[in-house]
Undergrad: 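Below: one structure in structure tokens.
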Amino acid sequence: YTLSLHDALPISYLKCGQYSLIHWSITDDGAICNTASPSFAAATRTGYEFAGWYTDAAFTTPTTGIPAGSTGAVTVYAKWTVAQVSYTVKHVKQSVAGAYDVATPDDTDVLSGTTGTQTYATARTYPHFTAQSITQTEIAADCSTVVVIQYTRDILTLTFDPNGGTLATTPLSGKYEANVPSAPTPTRAGYAFNGWTPEVQTTFIRDETYTAQWSAVSGITVTIDAA
């Protein structure tokens, strides 16, 4: 960018966040700056902190402006240091139907890190949910980085002990908080089934074993054929 020594320095030109080095050339328009000493305003860049203007690309000689009486071309370099910026971590639990609603996370963390480095997102602990592998990513300067951590529902199992009876049904399994199908009914010769102990849960909330309860059938039934 070239401008006269007598022009104002347009700071908007320096708000380009795609480069690690921004230089600005200033050429003499034929006049000599004898009385004024134009100073350089601080530059801005998303995700970085401005560390001053320098007369060389190696950043060894700082400068704040153009000395009075200067003539000829002037080039100055903006020095940047990476800044701490925020990024978002979304925690998404699997629904009973098996879906993951990233647009409506169950929890959200706002963390911070250095621009250009990798995120350091960690999983939360939810009972009966297991975190999937986490994909870390580079932290963007504009705080737009989002890491999504998904959690699968545990599969729980209900086991039924016929306690001397006969039961053809295998154990029932399902996702945490899913509805439990109807409990099976065992049979046992000479006994009446009185239910399961403990009471069978209506949704899968834990692994559990149920034991059949029986009562003996009393009395003898006699059938007489009157023919």
Undergrad: Any heavy-atom pair between the side chains of Ile155 and Lys175 that's under 4.5 Å?
TA: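 Yes, at least one pair of side-chain atoms sits under 4.5 Å.
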Undergrad: Mind listing the closest non-hydrogen atom pair of Tyr54 and Thr60 along with its distance?
TA: CD2-N, 3.8 Å
Undergrad: Can you tell whether the side chains of Asp109 and Arg124 come within less than 4.0 Å, N to carboxylate O?
TA: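 Yes, Asp109 and Arg124 are salt-bridged.
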Undergrad: Hey, could you give me the OG1/CG distance between Thr130 and Asp154, rounded to the nearest 0.5 Å?
TA: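 With rounding to 0.5 Å, OG1 (Thr130) is 4.0 Å from CG (Asp154).
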Undergrad: For the side chain of Thr104 and the backbone of Asp101, is there at least one donor-acceptor N/O pair under 3.5 Å apart?
TA: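 Checking the backbone N and O of Asp101 against the side chain of Thr104, no donor-acceptor pair under 3.5 Å is found.
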Undergrad: What is the minimum heavy-atom distance between Cys143 and Val85, and which atoms define it?
TA: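 Of all heavy-atom pairs spanning Cys143 and Val85, the closest is SG-CB, 3.9 Å.
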Undergrad: Do Trp53 and Tyr77 have their ring centres less than 6.0 Å from each other?
TA: no
Undergrad: Are any non-hydrogen side-chain atoms of Thr137 and Val147 less than 4.5 angstrom apart?
TA: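 Answer yes - side chains close enough.
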Undergrad: When rounded to the nearest 0.5 angstrom, what is the spacing between CG in Asn194 and OG in Ser215?
TA: 3.5 Å
Undergrad: Search all heavy atoms of Ala43 against all heavy atoms of Phe50 and return the closest pair with its distance.
TA: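 Smallest interatomic distance, heavy atoms only, reads O-CB, 3.3 Å.
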Undergrad: Does one side chain, of Thr119 or Gln136, offer a donor that lies under 3.5 Å from an acceptor on the other?
TA: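 Checked: Thr119/Gln136 side chains pair up, N/O donor to acceptor below 3.5 Å.
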Undergrad: Is it possible for you to say whether Tyr48 and Val76 belong to one hydrophobic cluster, with membership spreading through side-chain heavy-atom contacts below 4.5 Å?
TA: yes
Undergrad: Is Val180 close to Thr202 at the side-chain level, that is, under 4.5 Å between some pair of heavy atoms?
TA: no
Undergrad: Measure the spacing between OH of Tyr120 and CD1 of Ile134 and express it to the nearest 0.5 Å.
TA: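 It comes to 9.5 Å.
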Undergrad: For Leu156, does its backbone N or O pair with a side-chain atom of Asp207 as donor and acceptor, under 3.5 Å?
TA: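 Answer holds: no.
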Undergrad: I'd like to know if the side chain of Thr145 reaches the main chain of Ala140, judged simply by a donor and an acceptor atom lying under 3.5 Å from each other, with no hydrogens or angles considered.
TA: yes
Undergrad: Once rounded to the nearest 0.5 Å, what's the spacing between atom CH2 of Trp80 and atom CD of Glu49?
TA: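 Those atoms lie 10.5 Å apart.
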Undergrad: Using the side chain to side chain donor-acceptor pair (under 3.5 Å) criterion, which residues pair with Thr159? Sequence neighbours excluded.
TA: none
Undergrad: Any idea which heavy atoms bring Pro198 and Thr209 closest together, and the distance?
TA: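 Residues Pro198 and Thr209, closest heavy atoms: CD-O, 3.8 Å.
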Undergrad: Please give me the minimum heavy-atom distance between Leu111 and Ala121, naming the atom from each residue.
TA: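 Smallest interatomic distance, heavy atoms only, reads CD1-CA, 4.4 Å.
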Undergrad: Could you give the distance from CD (Gln84) to OG1 (Thr115), rounded to the nearest 0.5 Å?
TA: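 Separation between the atoms: 8.0 Å.
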Undergrad: With sequence neighbours left out, which residue pairs that include part of residues 121-162 fulfil the ring pair (Phe, Tyr, Trp, His ring centres under 6.0 Å) condition?
TA: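 Ring pair (Phe, Tyr, Trp, His ring centres under 6.0 Å) check on residues 121-162 returns His91-Tyr151, Tyr126-Tyr151, His128-Tyr176, Phe129-Tyr176, Phe160-Trp196, Phe160-Tyr210.
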Undergrad: Let me confirm one number: the CZ-NZ distance from Arg153 to Lys93, rounded to the nearest 0.5 Å.
TA: 7.5 Å
Undergrad: Compare every heavy atom of Pro162 with every heavy atom of Pro186, then report the nearest pair and how far apart it is.
TA: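 So the minimum-distance heavy-atom pair works out to CB-CB, 4.5 Å.
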Undergrad: Does some side-chain heavy atom of Ile149 sit less than 4.5 Å from a side-chain heavy atom of Gln132?
TA: no
Undergrad: So which residues get pulled into Val146's cluster when ILVMFWY side chains under 4.5 Å apart are joined, directly or through others?
TA: Val92, Tyr100, Val102, Val148
